[in-house]
Asks: 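This is the structure, below, for whatever I ask next.
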Amino acid sequence: MEPQMIQRVYDEALAIGDDLLSKALPAGQGLFWETLGLTADLKPKWEVGESIYTGNTGIALFLLELYQVTGEERFLDAAKAGMVWTLDYCDKHPTDYYALYTGRMGVSYGLLRFHTLTGDPHYLDNALTIARDCKKFTERRVGVDDLINGFSGTLIGLLHLHAASAESWIIDAIDHYADILIDRAWPGPAGLYWDRSGENVHGLCGLSHGASGIGLAFLELGRYLDNPAFLELAKQAFAYENHHYDHRINNWPDWRRGIYGAEDRRKHTDAFLNGNIDFFTQHGDMNAWCHGAAGIGLSRLRAYEVLRDPAYLDDIDKAVAKIRETDLNPNDYLDEPPINILCHGLGGNADTLIQAYVQLGDPSFKQLANDLTGIVLASKSRYKKFRSGFADLKNEEDTSLFMGNAGIGYYLLRMMYPNKVPSILAPRLRKAKQTLPSTEAYKALHLTPSGTYRRLLEQAYPRTLDFMDQHHPELLASFMDSPVGELREAGAFNRFMTGAIHSLEAASGEILEDVFLLEKQKGDFDRQISSHSLLNIARMLSAEEAKDILEEGLRDSRKLCLDPYSKIITTKWNWDPDAGDYLENPTHEPDEYPVILSQYAEGIREISLNPLSAIIAETFTVEKLTSTGVDGILESVESSDPEELEAVRQQVLAQLRELITAGLIVGSCHTHAQPFI
């Protein structure tokens with residue numbers, strides 16, 4: 001930067017700091033800040049909290065870094081007082097929410113930075129105390145895996161905490177979180193994704209909420225422990241995103257398509273009823289730290305630094321090109337101020353440019369960062385304030401680190417001293433190659449790439465592997481013990497199983513093929529889902545319809561059919577885990593065991609059918625009137641006794657009601673491409 005620009009950046013960061021001091025509120029020996037939020041009806045409100053994202057820790061971190069740059073004691077005093085209030089708040093508000101950015105682990109992370117810059121052991125002690133009960137986070141009824149709100153962010157926080165203290169309990173917690181994240185991985189068309197949900201078309205791409213964030217956590221873990229298994233998991237996360245890269249928009253897609261309120265529910269319902277399938281399958285185009293190219297670029301910068309794979313340089317170039325396209329035209333900001341914040345604004349996107357210059361040394365990255373900073377400073381001169389991250393609140397400033405002015409100030413400090421002020425958007429560990437205690441008690445941390453691959457296979461083929469372990473262990477060992485390199489592509493196991501089945505004598509091969517094909521069909525059926533959000537609204541409407549059908553009584557004139565998101569398959573042996581020990585199947589003669597596979601946003605549900613429910617399901621594979629279907633079933637009953645026939649009719653109707661309640665028989669034979677009528 002030119003000296004004049006450096007002075008402007010310095011002055012603006014200083015002004016933000018002084019403005020925050022003027023807004024600080026005293027409480028005992030501490031200070032706190034109110035930050036901007038929204039009510040349920042999207043009205044502005046001011047609130048307090050402890051988080052990095054919109055709470056006291058984030059503001060205190062900015063003031064600490066401002067002190068480091070300026071040497072002004074007033075900023076250090078305010079930063080320390082901010083953490084006094086934060087610790088008191090945490091003591092009075094116990095929680096099981098240990099997210100890195102929006103929860104309690106962020107307080108621990110912030111305290112570590114205070115410890116680093118002040119040398120005061122009090123901060124490290126408190127960081128350890130705050131994080132001690134972090135396993136409670138995984139016991140919540142609903143958990144997420146992402147970087148901002150979920151388990152991967154907590155894992156990164158724990159890695160930093162262990163690097164600072166080497167406490168043994170932290171390694172136990174790291175193992176716990178790594179184990180959970182492995183278990184919660186989903187296979188994509190390529191690679192792996194997490195946080196599968198009916199709120200999204202597919203698993204999300206991006207650093208804050210998507211696969212990049214989980215990949216970054218595994219990248220840091222693999223580097224820290226010098227364990228290639230976790231580096232391979234990181235590669236798989238990045239491979240998932242790159243599979244979805246869309247050259248038409250020069251971006252990784254934003255797959256969000258959720259129902260967040262009544263208006264969203266109306267839009268989803270209307271689109272589904274009108275057969276507007278594009279509504280559920282098309283993606284958005286957002287470029288920010290939280291979603292899209294800028295955040296993904298940060299993850300790839302770290303990936304290239306750790307893995308040295310030149311393919312990630314291409315990803316970095318794509319991210320920078322998207323930032324140039326979306327952010328660097330001053331004429332775009334003539335009518336209203338730009339959003340300059342860290343989360344989804346110019347400040348966060350600038351961090352990618354800053355890190356790219358620091359790491360790769362290309363002066364063009366530095367120039368782009370300077371140009372973007374010129375836009376930020378010009379907007380402040382023109383509009384006299386910085387706009388908050390709440391897009392609809394165009395005239396509101398915020399104080400927080402990720403949604404307001406503290407974060408803008410933090411980014412400006414990064415512009416001046418990128419090697420002195422660390423990125424808060426993609427925290428990096430300096431230490432690496434830690435030696436683990438030689439205990440096998442760790443479920444995840446001692447995994448090899450082959451062991452990790454086995455864990456992933458167990459999620460897709462649990463009974464197949466169970467059966468092979470029991471009856472053909474040498475065959476399975478021959479596959480699992482072969483060199484893995486990168487985690488094997490999806491077809492490798494299928495090819496192995498085909499060969500294994502044919503290598504066995506006929507009876508054994510038939511049994512193994514039966515369980516393998518059941519689990520393979522589940523995976524194939526899952527991959528046919530065009531949109532998780534489409535399934536979500538389809539299931540919601542089906543449940544409402546089922547309630548209406550049952551409340552009004554099962555009329556003879558009611559049309560019914562097998563749920564179009566389900567299919568019936570038949571196995572020769574019973575593989576239902578709840579029906580007994582399926583490992584004993586070789587001692588049983590083959591028979592027919594009907595199973596329904598149903599597509600849900602959360603995955604494929606497998607339901608074993610009793611003989612009567614199977615007959616009913618087969619009967620209604622084609623839409624027909626209730627009376628027609630029931631009468632057709634009764635025609636197969638070998639009895640002319642009216643009382644006996646009526647008893648059978650009532651059994652059929654009772655079972656039909658159960659199938660309707662379970663969502664397996666529906667009143668509207670909608671499909672992926674037809675309206676719900």
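No hydrogens, no waters, no symmetry mates; every other heavy atom, side chains included, goes into these values.
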Asks: Only one of Leu87, Asp120, Leu112, Thr86 passes side-chain contact (heavy atoms from CB on, under 4.5 Å) with Asn126; say which it is.
Replies: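 Passing option: Leu87.
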Asks: Could you walk me through whether His532 and Phe280 pass ring pair (Phe, Tyr, Trp, His ring centres under 6.0 Å), step by step?
Replies: CA-CA 8 Å; His532 299 151; Phe280 298 101; over 10 Å; no
Asks: Can you tell me how the ring of Phe137 sits relative to the ring of Tyr177, calling it parallel under 30°, perpendicular over 60° and tilted otherwise?
Replies: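 It falls in the tilted class, 30° to 60°.
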Asks: State the CD-CG distance between Glu396 and Leu38, to the nearest 0.5 angstrom.
Replies: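 Between Glu396 CD and Leu38 CG, I get 10.0 Å after rounding to 0.5 Å.
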Asks: Looking at Lys43 and Asp41, is there a salt bridge between them, counting it only when a charged N and a carboxylate O are closer than 4.0 Å?
Replies: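 No, Asp41 and Lys43 are not salt-bridged.
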Asks: Between the main-chain N or O of Leu181 and the side-chain N or O of Trp194, is there a donor-acceptor pair closer than 3.5 Å?
Replies: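 It does hold such a pair.
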Asks: Kindly say whether Leu61 contributes a backbone atom to a donor-acceptor pair with the side chain of Arg113 at under 3.5 angstrom?
Replies: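 It does not hold such a pair.
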Asks: Drop me the distance from Asp285's CG to Asn250's CG, to the nearest 0.5 angstrom.
Replies: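 Answer for the CG-CG pair, Asp285 versus Asn250, is 8.5 Å.
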Asks: Just one of Ile424, Asp351, Ile354, Val9 clears the side-chain contact (heavy atoms from CB on, under 4.5 Å) bar with Tyr411, so which one?
Replies: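 Exactly one candidate clears the test, Ile354.
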Asks: Look at the side chain of Asn56 and the backbone N and O of Leu31, then say whether any donor-acceptor pair between them is shorter than 3.5 Å.
Replies: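 Judged by distance alone, yes, a pair lies under 3.5 Å.
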Asks: Please determine, by modelled atom types, if Ser299 and Ser212 share a side-chain donor-acceptor pair under 3.5 angstrom.
Replies: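 Present: a donor and an acceptor within the cut-off.
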Asks: Can you list everything that forms a salt bridge (Lys or Arg N to Asp or Glu O under 4.0 Å) with Glu305? Sequence neighbours excluded, please.
Replies: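 Residues passing salt bridge (Lys or Arg N to Asp or Glu O under 4.0 Å) with Glu305: Arg302, Arg428.
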Asks: Which value, rounded to the nearest 0.5 Å, describes the distance between Thr399 atom OG1 and Asp19 atom CG?
Replies: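 Thr399 atom OG1 to Asp19 atom CG measures 9.0 Å (nearest 0.5 Å).
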Asks: Would you find a donor on one side and an acceptor on the other, under 3.5 Å apart, between the side chain of His268 and the backbone of Gly258?
Replies: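 It does hold such a pair.
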Asks: Can you tell me how far the NE2 atom of His115 sits from the CG atom of Leu124, to the nearest 0.5 Å?
Replies: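 So the gap between those two atoms works out to 4.5 Å.
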Asks: Any donor-acceptor pair under 3.5 Å linking the side-chain atoms of Asp145 with those of Ser152?
Replies: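 The criterion, which ignores hydrogens and geometry beyond distance, is not satisfied for Asp145 and Ser152.
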Asks: Looking only at heavy atoms, what is the nearest atom pair of Ile52 and Phe402, with distance?
Replies: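 Of all heavy-atom pairs spanning Ile52 and Phe402, the closest is CG2-CE1, 3.7 Å.
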Asks: Under a 3.5 Å threshold, yes or no: a donor from one side chain and an acceptor from the other, between Arg300 and Asn242?
Replies: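 Short answer, yes.
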Asks: Mind telling me whether Tyr240 and His244 have parallel, tilted or perpendicular rings, with 30° and 60° as the class edges?
Replies: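 Plane angle over 60°, so perpendicular.
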Asks: Evaluate the salt bridge (charged side-chain N to carboxylate O under 4.0 Å, His left out) criterion for residues Lys322 and Glu325: first the C-alpha distance (whole Å), next the side-chain angles of each, then the deciding distance (0.1 Å), finally the verdict.
Replies: CA-CA 5 Å; Lys322 188 65 175 179; Glu325 172 192 323; 3.1 Å; yes
Asks: Restricting to ring-ring contact (aromatic ring centres under 6.0 Å, His included), what partner residues turn up for Tyr245, sequence neighbours left out?
Replies: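 Only His247, Trp252 meet the ring-ring contact (aromatic ring centres under 6.0 Å, His included) criterion with Tyr245.
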Asks: Between the side chains of His209 and Asp146, is a donor N or O closer than 3.5 angstrom to an acceptor N or O?
Replies: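 Looking only at side-chain atoms, Asp146 and His209 do form a donor-acceptor pair, the distance falling under 3.5 Å.
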Asks: Hey, does the side chain of Lys394 reach the backbone of Ala391 with a donor-acceptor pair shorter than 3.5 angstrom?
Replies: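 Not confirmed, Lys394 side chain does not pair with Ala391 backbone.
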Asks: Does the Lys NZ or Arg CZ of Arg196 fall within the cation-pi geometry relative to Trp186 - under 6.0 Å from the ring centre and within 45° of the axis?
Replies: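 Ring-cation test returns yes.
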Asks: Is Arg387 salt-bridged to Glu336, cutoff N-O under 4.0 Å?
Replies: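 A salt bridge links Arg387 with Glu336.
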Asks: Side chains of Ser108 and Tyr98: do they bring a donor and an acceptor to under 3.5 Å?
Replies: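 Their side chains do not contain a donor-acceptor pair, so the 3.5 Å distance test is not met.
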Asks: Is the Phe365 to Tyr357 ring centre distance short of 6.0 Å?
Replies: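 Centroid distance Phe365-Tyr357: not below 6.0 Å, so no.
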Asks: Side-chain contact test, heavy atoms from C-beta onward, threshold under 4.5 Å: evaluate it for Leu36 versus Trp46 and give yes or no.
Replies: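 Yes, at least one pair of side-chain atoms sits under 4.5 Å.
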Asks: Scan side-chain atoms only and decide if Gln7 and Gln4 contain a donor-acceptor pair under the 3.5 Å cut-off.
Replies: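 Short answer, no.
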Asks: Which pair of heavy atoms, one from Trp289 and one from Asn349, lies closest together, and at what distance?
Replies: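 Distance-wise, the nearest heavy atoms are N-OD1, 3.7 Å.
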Asks: Would you give the length of the straight line joining atom CD1 of Ile408 to atom CG of Leu342, rounded to the nearest 0.5 angstrom?
Replies: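 Rounded to the nearest 0.5 Å, the CD1-CG separation comes out at 8.0 Å.
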Asks: Does any N or O in the side chain of Ser51 come within less than 3.5 Å of the main-chain N or O of Gly55, such that one atom is a donor and the other an acceptor?
Replies: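 At least one qualifying donor-acceptor pair exists.
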Asks: Check Glu199 with Arg256, please: is the shortest side-chain N to carboxylate O separation under 4.0 Å?
Replies: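 Glu199 and Arg256: not salt-bridged.
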Asks: For Lys431, what residues pass the salt bridge (Lys or Arg N to Asp or Glu O under 4.0 Å) criterion, not counting sequence neighbours?
Replies: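 Not a single residue meets the salt bridge (Lys or Arg N to Asp or Glu O under 4.0 Å) criterion with Lys431.
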Asks: Looking only at side-chain N and O atoms, does Glu47 offer a donor or acceptor that is under 3.5 Å from a partner on Thr35?
Replies: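 Looking only at side-chain atoms, Glu47 and Thr35 do not form any donor-acceptor pair under 3.5 Å.
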Asks: Cut-off 3.5 Å, side chains only: do Arg414 and Gln355 have a donor facing an acceptor?
Replies: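 Yes, Gln355 and Arg414 have a side-chain donor paired with an acceptor closer than 3.5 Å.
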